[in-house]
Amino acid sequence: MIKLLLVEDEAIEREAINMILSGRNEYTIVGEAVDGEDALIKVRSLRPDIVLMDIRIGKIGGLEVCRIINAESLGVEVIIISAYDRFDYSRQAFRAGAYDFLVKPVEPSTLLESLAMVRDKISQSRNKCAAQKSLKEQISGFLIPFLLQNFLGLPGGNQKLNELKGVFSLLGIEEGRAHVALVLKCMGEGCSIIVKEQMANFQPVGYKIITTPIFDDKILVFVSHDHNQLTDNSLRRLVGELLLFFDSHNLNSSLQVGVGRIYDRVASLVRSVKEAVNTLQIAEIMNKPELRFYVDLDTKAYKDNLSEIYGKMQSVSELVQNNDLKQALQQIRTLSLGNVVFEKQNEVSELIRLVAYEIMLFALHTMNGRLVSEQSLGLLKKSWHSQWKKCATLLDLLQWLTVVLTKVEEVQSKHDEIGDERVIKALEYMEGNYNRDISLVSVSQHINISAQYLSRLFKTKAGLTFSDYLNKIRIDVAKKMLTDSNCRPIKKIAMEIGYSSDIYFAFVFKKVTGLTPKEYREQHSR
């Protein structure tokens, strides 16, 4: 539907144009005006697609109204209608930005032909805008996980840097202009959707605001200034305006804002996003929701805590050596929540990193002979060593240790619960070979007892039949694969975990979980 605004001071002319357009469902007249001032007010409020306008309309003539519409980029096409068939009038009309110049009395066919051409132009423009919007959504779908989760930097040198610049350019972020990243997180259910919708109405004078789609309940916002006048002080005022804006929607108390530092290079803007996210995390750890700006973080307090942290890590190491994993885990969690953790690549001393690695080695030692073969221990050590090397911050290191000690505690608990070494060896073999075509017979041969005796041991010691336990192992792995972001086909998952038929896999999966694999993926996908 094309919306028209009719600007004409003569009632007879307005009636004639209305008669021409009556019955034309593709056009609708959304308003009428009799002078230039009224015309401008209605153009700005009604946002019509086309303005049909006479030249002589009060103090502000039609040509001046046309110039203002184009100067303000209101996205409105103007068709000038005049009783004066003069070349200089038509030339002035086109210079003012008019699409067409028609002479009164307007022939119905002439007016309809002109409107049809404008309609085609508007349609093409709308299709282009829709395509650009779709492209931006797709770009954001790639960009947000990259920036908020991975922080992979820029592998690949200049080629990757150019690709990143291209992505930011399509989002309207220009190289050389000062930008800053804000990450908004709203705590209430459905709150993020409201914040995203309302951000479209937050238009502070002089600022350019680029809001991306919601990802992981977070909204990434890029801010720049029209005249490149973005400073820490102006940014603080802007964030204050933002909180006041959302206060009117009763969201201020549940809205968390993390603000990175200001950068004028696209490659550095990735760092601003990282800083904004980290500030949110630190504010949560410290229970200080008023902390918003990365530049406010007191890094000296962190350095002063390093010696205390080293002592506590040594205490954790002693607990692991004494096989007190529960207490060790508790201390790691307390350490994570009780200290200010900053994302500074060079802030974690090598001494603390080595103590953490020592804890991992002691943890592996406690697993020796408990449900884990030498081969599996080697694989675990290799995997954990690789993860340890990537720990750039204290928070990374503590989270890594939590994963390590949790896994060791699980193995220890399972070993203590079952007790029988033969069943433990069978379980260890099953967990290492679940993706193969294994059976009760093949497992019993591996541990040198009869299949019948192993079957009885399973029921009495593990509390499950051999088949049920094997299915449990496979289904637990399948759950992780189904919620994985790469969305691999269900048939492929079935094959990878040891089922020759995806139909049988679906039957077993529903028996264990109560859901089909597809239903489980839809409910639990990240």
Side-chain angles (χ1 to χ4, degrees), residues 1-133 200-203 205-206 226:
M1 180 68 70
I2 302 297
K3 299 183 292 184
L4 303 176
L5 175 65
L6 182 55
V7 184
E8 172 64 68
D9 63 348
E10 293 185 18
I12 295 175
E13 294 294 339
R14 292 200 300 273
E15 185 178 349
I17 292 173
N18 272 296
M19 285 293 294
I20 295 172
L21 297 177
S22 63
R24 301 275 174 180
N25 295 330
E26 65 268 40
Y27 304 108
T28 179
I29 295 179
V30 294
E32 295 182 357
V34 296
D35 59 46
E37 291 182 356
D38 189 25
L40 283 173
I41 292 171
K42 289 185 175 177
V43 166
R44 289 169 180 146
S45 61
L46 299 174
R47 290 300 174 98
D49 300 304
I50 303 173
V51 176
L52 294 170
M53 184 163 51
D54 195 354
I55 287 181
R56 302 289 179 90
I57 45 169
K59 294 180 180 179
I60 304 178
L63 295 178
E64 183 60 23
V65 171
C66 186
R67 289 190 193 95
I68 294 171
I69 287 173
N70 281 280
E72 294 184 6
S73 300
L74 297 175
V76 178
E77 299 292 343
V78 179
I79 297 176
I80 296 291
I81 301 174
S82 175
Y84 299 94
D85 186 12
R86 288 168 45 183
F87 174 72
D88 58 327
Y89 271 161
S90 63
R91 182 174 61 181
Q92 289 179 54
F94 289 121
R95 284 181 175 176
Y99 180 84
D100 204 353
F101 183 91
L102 305 180
V103 179
K104 294 180 182 180
V106 181
E107 293 290 329
S109 59
T110 303
L111 176 60
L112 292 173
E113 182 182 0
S114 181
L115 287 172
M117 289 190 292
V118 180
R119 183 188 64 204
D120 290 344
K121 180 182 178 182
I122 292 170
S123 178
Q124 291 175 6
S125 177
R126 285 176 178 173
N127 290 338
K128 184 177 179 181
C129 287
Q132 289 177 340
K133 183 179 179 182
N201 301 318
F202 181 64
Q203 298 176 346
V205 177
D226 288 345

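All values reported here derive from a predicted model rather than from experimental measurement. Heavy atoms only: backbone and side chains are in, while hydrogens, waters and symmetry mates are out.
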Worksheet, complete the sentence: In short, Tyr27 meets Ala116 closest at the heavy-atom pair OH-N, 3.5 Å
Worksheet entry | For Met1 against Asp49, the heavy-atom pair lying closest together | O-OD2, 3.8 Å
Discussion item. Tell me whether Met19 at atom CE has more than 12 heavy atoms from other residues, nucleotides or ligands lying less than 6.0 Å away.
Written reply: no
Worksheet item: More than 12 heavy atoms of other residues, nucleotides or ligands under 6.0 Å from CD of Glu72: is that the case?
Response: yes
Worksheet entry | Side-chain donor or acceptor of Asp9 paired with backbone N/O of Val34 under 3.5 Å | no
Practice prompt. Evaluate side-chain contact (heavy atoms from CB on, under 4.5 Å) for Val65 paired with Val7, printing each intermediate quantity in order.
Written response: CA-CA 10 Å; Val65 171; Val7 184; over 6 Å; no
Discussion item. So does Ile41 get a backbone contact from the side chain of Ser45, meaning a donor-acceptor N/O pair under 3.5 Å?
Written reply: yes
Worksheet entry | Close side-chain approach of Thr28 to Leu21, heavy-atom, < 4.5 Å | no
Worksheet entry | Heavy-atom pair with the smallest gap, counting every atom of Ile57 and Gly62 | CG1-N, 3.6 Å
Worksheet item: So do Ile80 and Met53 actually touch side chain to side chain, heavy atoms under 4.5 Å?
Response: yes
Worksheet entry | Glu26, CD: over 12 other non-hydrogen atoms inside 6.0 angstrom | yes
Worksheet item: Is the shortest heavy-atom distance from the side chain of Arg47 to the side chain of Leu74 under 4.5 Å?
Response: yes
Discussion item. Using the rule side-chain contact (heavy atoms from CB on, under 4.5 Å), only one of Leu111, Val106, Leu4 pairs with Ile17; which is it?
Written reply: Leu111
Item to complete: Compare every heavy atom of Asp100 with every heavy atom of Ser114, then report the nearest pair and how far apart it is.
Response: OG-OD2, 2.8 Å
Practice prompt. Measure across Leu5 and Glu32 and return the closest heavy-atom pair with its distance rounded to 0.1 Å.
Written response: CD1-N, 3.8 Å
Discussion item. How close do Tyr99 and Phe94 get, counting heavy atoms only, and between which atoms?
Written reply: O-CE2, 3.6 Å
Fill in: Leu6: which of Asp54, Val51, Leu52 passes side-chain contact (heavy atoms from CB on, under 4.5 Å)
Leu52
Worksheet item: Is a side-chain donor or acceptor of Asp35 paired with a backbone partner of Asp38 at a separation under 3.5 angstrom?
Response: yes
